[in-house]
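In what follows, chains carry the letters A, B, and so on, assigned in the order in which the sequence lines appear, proteins first and then strands, with residues in each chain numbered from 1. Just so it is clear, the structure is predicted and the values come from calculations on it, not from any experiment.
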Number of protein chains: 2
Amino acid sequence: MKENSEVTIYDIAKKLNLATSTISRGLKDHHTISKKTIEMIKKTAAEMGYRPNNLAASLRGNKMRTIGVLLPTVTQPFLSSLISGIEIAAQKAGYTVIIMQSHDSYEEEVNLTQSLYDNRVSGVICSLAMGTKDTSHFNVFIENNTPLVFVDRVPQSFETFHVIIDNFSAGYKATKHLIDQGCKRIAHITAGSEFSIYHERKKGYLAALEEHNIPFDENLCVKINSVTYDDAAKASEKLLSLKSRPDGIFAPGDILGVSAIQCAKRMGIKVPEELAVIGFNNDPISYIIDPNLSTITHPASKMGQTSAEIILKNLKQSRKKDQIVKQITFLNTEVLVRESSKRI
Amino acid sequence: MKENSEVTIYDIAKKLNLATSTISRGLKDHHTISKKTIEMIKKTAAEMGYRPNNLAASLRGNKMRTIGVLLPTVTQPFLSSLISGIEIAAQKAGYTVIIMQSHDSYEEEVNLTQSLYDNRVSGVICSLAMGTKDTSHFNVFIENNTPLVFVDRVPQSFETFHVIIDNFSAGYKATKHLIDQGCKRIAHITAGSEFSIYHERKKGYLAALEEHNIPFDENLCVKINSVTYDDAAKASEKLLSLKSRPDGIFAPGDILGVSAIQCAKRMGIKVPEELAVIGFNNDPISYIIDPNLSTITHPASKMGQTSAEIILKNLKQSRKKDQIVKQITFLNTEVLVRESSKRI
DNA sequence: TTGTACGCGTTATCAC
DNA sequence: GTGATAACGCGTACAA
């Protein structure tokens, strides 16, 4: 008995006095192999403890049956739900999922992109790092005809698949909801660059204000550098300490909304009576905070599934370069009204 | 210009009039190749846009430079932090991470184990599905000399690496903390099988009671089927509706602790004055709930890193079967006292 | 319906 | 220091 005895189709072939090609085909139910032979091959393979070697199989096609996923982090609830959706769709199709974290660093993102290519993944799903402006490191996938999907944090212009929510519309809906509740001075917290999802949400906020003839007050719009608990706390305090205080806050992230509520509670400001708050994402913390945080629901898992399905559908389509288009899939968001904004 | 032009070491060899073996070695800074040649090779490779093919390289060693991670789900905060830790350690070593979700199903776990093997991963990190009793589907990795680490939810007996916290001790510490706060009737919620981490925590709970001469009251120990919000709510309600109500609850999960606090609030029971609560894990929700939930901290990310490092260290060590041992790495837990249990 | 023979890109083992 | 060549395990034209 050998040490590292790995059963290959060659071993099966020898045992059955057949050619390796017959084994190979039999194992995949090829129609040119007789039922009897197929049965015998499968039975023997099972008996011998044969297991296919995806490595070798993939080498021929020069592609692993693998979807590469490149995200800022995996610990945010939205992103871990996204991964879950991707994994479910991939597993259904017999694909595996490789995860990489850019930690919101452009440099890491560039390196990891290389690494994904070196591993010859079948497709790539990416949500951009906060600071990424230039996206030329993704060109390698286009040139190589590897399907590429950007999700949530997508580049401004890149001719490939995008899976996003309509951030402008969501920002509009959130703000309008506050207006409908009677808010007159609606504050907003924002982050990221001019081309980020946060910028889109802000544009929706501005549009809603304008449509309802509410003048925009610069003091009511605070910019933070990172969507963290600490930055959020500072922003909330700044807003709620204003001489003419806001009576509503549209926070484009649940951490921000939660911190606003907590800050209000500390300062003795009643939520929602004196301050209505709406967040974004429907993270678990949004329904734990008291009062419950109204929010915008984000179909995270479905976005993951959709992204994976786009990859899978486009695996075989060897497009030519001039056929590459930008195809945007929008998923729905909804206003989820809870205690923190319910005045009427 | 070819369509799918992929530059290989063969192309470089032709261009430089060298042998492929020289290119291969030059690219990896082999000491038998002259500095000059190495430089020239690297320069030319870069110019030609060469990218290594990990697939082909792996085929020779019959192992991908990949760590397979098999978890019940990726959306629990503890588990996504674990993944993050694994990914960081793996990335540092030039390894990639494959993620698979068993969704707490034994059958899926068995299938995915196969799939990991079929992909010839270098090592496997696994946290068991809730219902897994038999772990023979992992034997294939032992036989194949593939390092295997069980983390958090580990099997009762399996001769390999385990990375866990001391659940008994953590349960003891949590319960003792409540006793120190003056609690006399301490309730407990439990889940899983007789060999689960929850059972260990319960044993710690029982030990603390006994040590302090507090009789164990069966009515104060509720078993739930799944650690979900709904089940937790039911359990909390049952406990707080008892004629002789508990004055403390040790909840072996933050969801359970949070639900207990919320239930108490609904019923007008004051926390911590009338009911002290301590949870487990230090999930984000634990510091969002009001009053803040005391909890047991769990070094999730570090557990991931440790697991990955164990894999990496044991890659080359071709142990023989009789050398395989069970090696358990314990990581620290700590009692994190917050508002929900601070009486003194 | 089955067999033959070669190629996928890289690396290890010799040989020079 | 460098080159030639055989593997690694599988899939697939092409032949029979």
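Listed by chain and number, the residues in a side-chain contact (heavy atoms from CB on, under 4.5 Å) with Ser301(B) are Gln305(B) (sequence neighbours excluded). With sequence neighbours excluded, the residues that form a salt bridge (charged side-chain N to carboxylate O under 4.0 Å, His left out) with Arg153(B) are Asp104(B). Considering only residues two or more places apart in sequence or on other chains, Phe141(B) meets the ring pair (Phe, Tyr, Trp, His ring centres under 6.0 Å) condition with none of them. Arg65(A) pairs by the salt bridge (charged side-chain N to carboxylate O under 4.0 Å, His left out) definition with nothing, not counting sequence neighbours. Residues satisfying the side-chain hydrogen bond (donor to acceptor under 3.5 Å, both in side chains) test with Ser34(B), not counting sequence neighbours, are Thr37(B).
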(request) Applying side chain to side chain donor-acceptor pair (under 3.5 Å), run through Ser80(A) and Thr75(B) and close with a yes or a no. (result) CA-CA 5 Å; Ser80(A) 62; Thr75(B) 53; 5.6 Å; no
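Each end of the helix from dT1(C)-dA16(D) to dC16(C)-dG1(D) gets its own rotation axis from five pairs of C1' atoms, and the angle between them is 40° to the nearest 10 degrees.
Between the side chain of Thr160(A) and the main chain of Leu148(A), a donor-acceptor pair closer than 3.5 Å is present. A side-chain donor-acceptor contact under 3.5 Å links Thr44(A) to the backbone of Met40(A).
For the pair Ile12(B) CD1 and dG3(D) C1', the computed distance is 17 Å after rounding to whole Å. Rounded to whole Å, atom C1' of dC10(D) lies 14 Å from atom CZ of Arg65(A). We find that CZ of Arg120(B) is positioned 8 Å from P of dG9(D), with the value rounded to whole Å. Atom CG in Asp118(B) sits about 10 Å away from atom P in dC10(D), given to the nearest Å. With rounding to whole Å, Ile9(A) atom CD1 is found 6 Å from dG11(D) atom P. Taking atom CG on Leu27(A) and atom P on dG9(D), their separation rounds to 15 Å, with Å as the unit.
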Kindly list each side-chain donor-acceptor pair under 3.5 angstrom involving residues 45-52 of chain B, sequence neighbours excluded, with atom names and distances?
unit_1   : atom_1 : unit_2    : atom_2 : d
Arg51(B) : NE     : Gln114(A) : OE1    : 3.3
Arg51(B) : NH1    : Gln114(A) : OE1    : 3.2
Arg51(B) : NH1    : Asp118(A) : OD1    : 3.0
Arg51(B) : NH1    : Asp118(A) : OD2    : 2.9

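Defined by atom type and a distance below 3.5 Å, a donor-acceptor pair is present between the side-chain atoms of Lys63(B) and Asn144(B).
Among Asn54(B), Leu55(B), Asn53(B), the one residue that satisfies the side chain to side chain contact (heavy atoms under 4.5 Å, CB included) test with Asn119(A) is Asn54(B).
Heavy atoms of Thr32(A) sit under 4.0 angstrom from at least one base atom.
Among residues at least two apart or in separate chains, salt bridge (Lys or Arg N to Asp or Glu O under 4.0 Å) pairs with a member in residues 13-41 of chain A are Asp29(A)-Lys42(A). Pairs engaging residues 92-116 of chain B under the ring pair (Phe, Tyr, Trp, His ring centres under 6.0 Å) rule: Tyr106(B)-His137(B) [sequence neighbours left out].
For the contact set between residues 38-59 of chain A and DNA chain C, defined by any heavy atom under 4.0 Å, the members are Leu59(A).
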Could you list the protein-to-nucleotides 12-15 of chain D atom pairs, N/O on both sides, closer than 3.5 Å?
none

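Note that the first and last nucleotides of DNA chain C, 5' to 3', having any atom under 4.0 angstrom from a heavy atom of chain B are dG9(C) to dT13(C).
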